[in-house]
Amino acid sequence: MRIPETLRRRLSEAVELLDTTAGRGYPVQVVSHNDADGITAAAVLHSALQRAGYPCVTRCVKQLDSGVVEELAAGEGLIIFTDLGSGQLHAINRLLSRRHVIVLDHHQPVEEEVSKGCHVNAHLHGIDGAREVSGAGMAYLFAREVCECPHLSALAIVGAVGDLQDSQGVFSGINREIIEEGEAAGVLRVEKDLRLFGRQTRPLYKALEYTTDPFLPGLSGDERSCIDFLRELDIPVKRDERYVMLADLTPEERQRLTTALILRMMENRIPPQVAESIVGEVVTLIQEEKRTPLRDAKEFATLMNACGKYEHTGMGVAVCLGDRGEIYRRSLGMLRNHREYLSRCFAWVTSNLDRVRDEGVVYALHAGEDISDAVIGTVAGMLLSSRALPELKPVLAFACTDDGAVKVSARATKELVESGINLGKAILAAAERVGGEGGGHDIAAGAKIQRGTEEEFLRAMVSELGRQWDAKG
Ligand code: C5P
Ligand code: C5P
Ligand code: ZN
């Protein structure tokens with residue numbers, strides 16, 4: 001695998017720290033994020049550590065806030081943070097000074113060093129952590145130094161897909177290297193196809209209905225139109241009494257559908273680049289059973305996000321580690337609920353566009369109690385990719401949390417990032433201004449702030465983003 005020499009050295013240091021600190025009577029504590037990338041990252045580490053003979057305990061958290069760090073401070077032994085940590089080094093260094101710590105992350109780092117341990121972050125080695133490697137990818141780079149585990153590359157790619165690192169239709173950088181290892185190990189296959197949602201498990205008309213990135217004008221969210229659209233293209237909804245899935249189409253049907261979709265998007269003012277991103281690399285986990293959500297990387301990632309949303313990340317990790325019994329069955333139930341909930345959210349967004357405020361450099365929407373904070377980021381992404389808003393600018397979405405605070409999610413596009421926008425940096429500054437906690441990537445970021453501070457936070461965001469625009473000129 002081609003990885004920068006400085007990163008290779010950092011990974012060796014981390015493995016050395018594991019060797020010297022683990023096995024002193026305390027299990028290694030793995031702490032990860034509760035989304036698809038975080039859950040797969042946790043599973044990669046858990047699996048590799050067990051294989052190498054290191055006992056470990058694994059948990060996934062919504063956010064690494066000071067409360068969680070303080071709780072960890074009371075424990076003993078090595079902690080490995082993955083898919084989070086780089087934005088919280090200040091709290092880690094201040095509160096966890098007794099414990100050894102390894103951070104394996106791809107978020108934009110706030111500080112560079114861990115005072116007692118090892119900080120391994122993609123950005124510190126010239127790698128773009130928003131596109132070229134995910135948290136699960138960073139965990140995999142570490143895992144493959146701990147033991148022989150090329151099969152775990154499949155989970156690493158599910159993590160990358162969960163973080164939408166394939167949104168341009170190609171995998172690049174470290175993700176590409178990981179894919180090559182997975183192909184060589186016979187666990188995955190990459191091919192060009194339509195990037196519709198639910199290739200393996202959804203009737204094609206449903207896959208069209210549920211695809212929102214890119215947004216399919218007149219089709220996304222509208223079942224009747226999807227059925228009519230396929231009929232006009234002479235593609236049957238059912239064949240031999242079975243629903244036709246994307247995976248079942250003949251090459252000619254696939255071609256017909258592709259051309260028609262791209263044309264429809266372009267007729268609806270969607271830029272050609274975005275329209276063409278409907279075709280791209282899709283990953284099949286070839287050792288998984290056909291027509292199950294585990295077979296397609298995107299569906300696998302959604303299954304993990306469902307586990308995260310319902311706070312059953314342990315179930316997600318168990319499925320990643322191979323459970324195909326009762327736990328897997330229960331996770332499928334959560335997936336169904338999650339999908340239904342997302343489609344309700346989508347309907348809510350499209351019928352509440354009047355609640356979106358145009359704040360000049362950014363659009364803002366406060367969903368209050370109407371949308372769960374667990375999916376407010378997904379909803380911000382839907383709003384952005386729906387192109388329902390007149391201009392292309394970043395979207396900020398707020399939702400109340402159960403513990404009386406407010407969750408904020410920000411989403412941008414590649415074009416906006418190229419024109420100088422860095423949401424992670426802006427949100428870090430704005431959250432600090434109101435005494436909250438935030439961070440993330442240039443293209444997607446989040447924060448948690450106190451109720452009542454939304455307006456001040458928004459003003460700070462507008463001024464930060466304005467500065468970013470001006471700096472780029
Ligand atoms: O915490 P983490 O890094 O796992 O999350 C990354 C987030 O960024 C995901 O929620 C993903 O959906 C979002 N993202 C996005 N658009 C992109 C890339 C990432 O909304 N192009
Ligand atoms: O929660 P959401 O999906 O909006 O998060 C977008 C990105 O911002 C994720 O990568 C997430 O890890 C990051 N984030 C963060 N600090 C927070 C909230 C989110 O770094 N307090
Ligand atoms: Zn991640």
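Just so you know, ligand 1 is whichever comes first in the structure, and atom 1 is the first atom listed for that ligand.
Under 4.0 Å is where a charged nitrogen must lie from a carboxylate oxygen, and between Glu437 and Lys448 no such pair does. Salt-bridge check for Arg199 with Glu191: passed, with a basic side-chain N closer than 4.0 Å to an acidic carboxylate O. Using a 4.0 Å cut-off between a side-chain N of Lys or Arg and a carboxylate O of Asp or Glu, Arg9 and Glu145 do not qualify as a salt bridge.
At a threshold of 4.5 Å between non-hydrogen side-chain atoms, the residues His90 and Val110 do not count as touching.
The residue from Lys192, Arg176, Lys298 that alone fulfils the salt bridge (charged side-chain N to carboxylate O under 4.0 Å, His left out) condition with Glu281 is Arg176.
Among protein atoms, those of element N, O or S found less than 2.8 Å away from the Zn ion (ligand 3) are Asp37 OD2, Asp83 OD1, His106 NE2, Asp163 OD2.
Of all the atoms in ligand 2, the ones that sit under 4.0 Å from a non-hydrogen atom of Glu437 are 21 (N). Residue contact check: Lys407 has heavy atoms under 4.0 Å from atoms 1 (O), 2 (P), 4 (O) of ligand 2.
Across all non-hydrogen atoms, the minimal contact from Ile443 to Ala130 is CG2-CB, 4.5 Å. Of all non-hydrogen atoms in Ala154 and Leu188, the two that sit nearest each other are CA-CD2, 3.7 Å.
Note that CG of Asp128 and OG of Ser172 are 7.5 Å apart. Values are rounded to the nearest 0.5 Å. How far CG of Leu321 is from CD of Gln50: 8.0 Å, rounded to the nearest 0.5 Å.
Taking the centre of each ring, His441 and His107 come in below the 6.0 Å mark.
If you look at ligand 1, the protein residues with a non-hydrogen atom under 4.0 Å away are His33, Asp35, Asp37, Asp83, His106, His107, Asp163, Leu164, Ser167, Arg411, His441, Ile443, Ala444.
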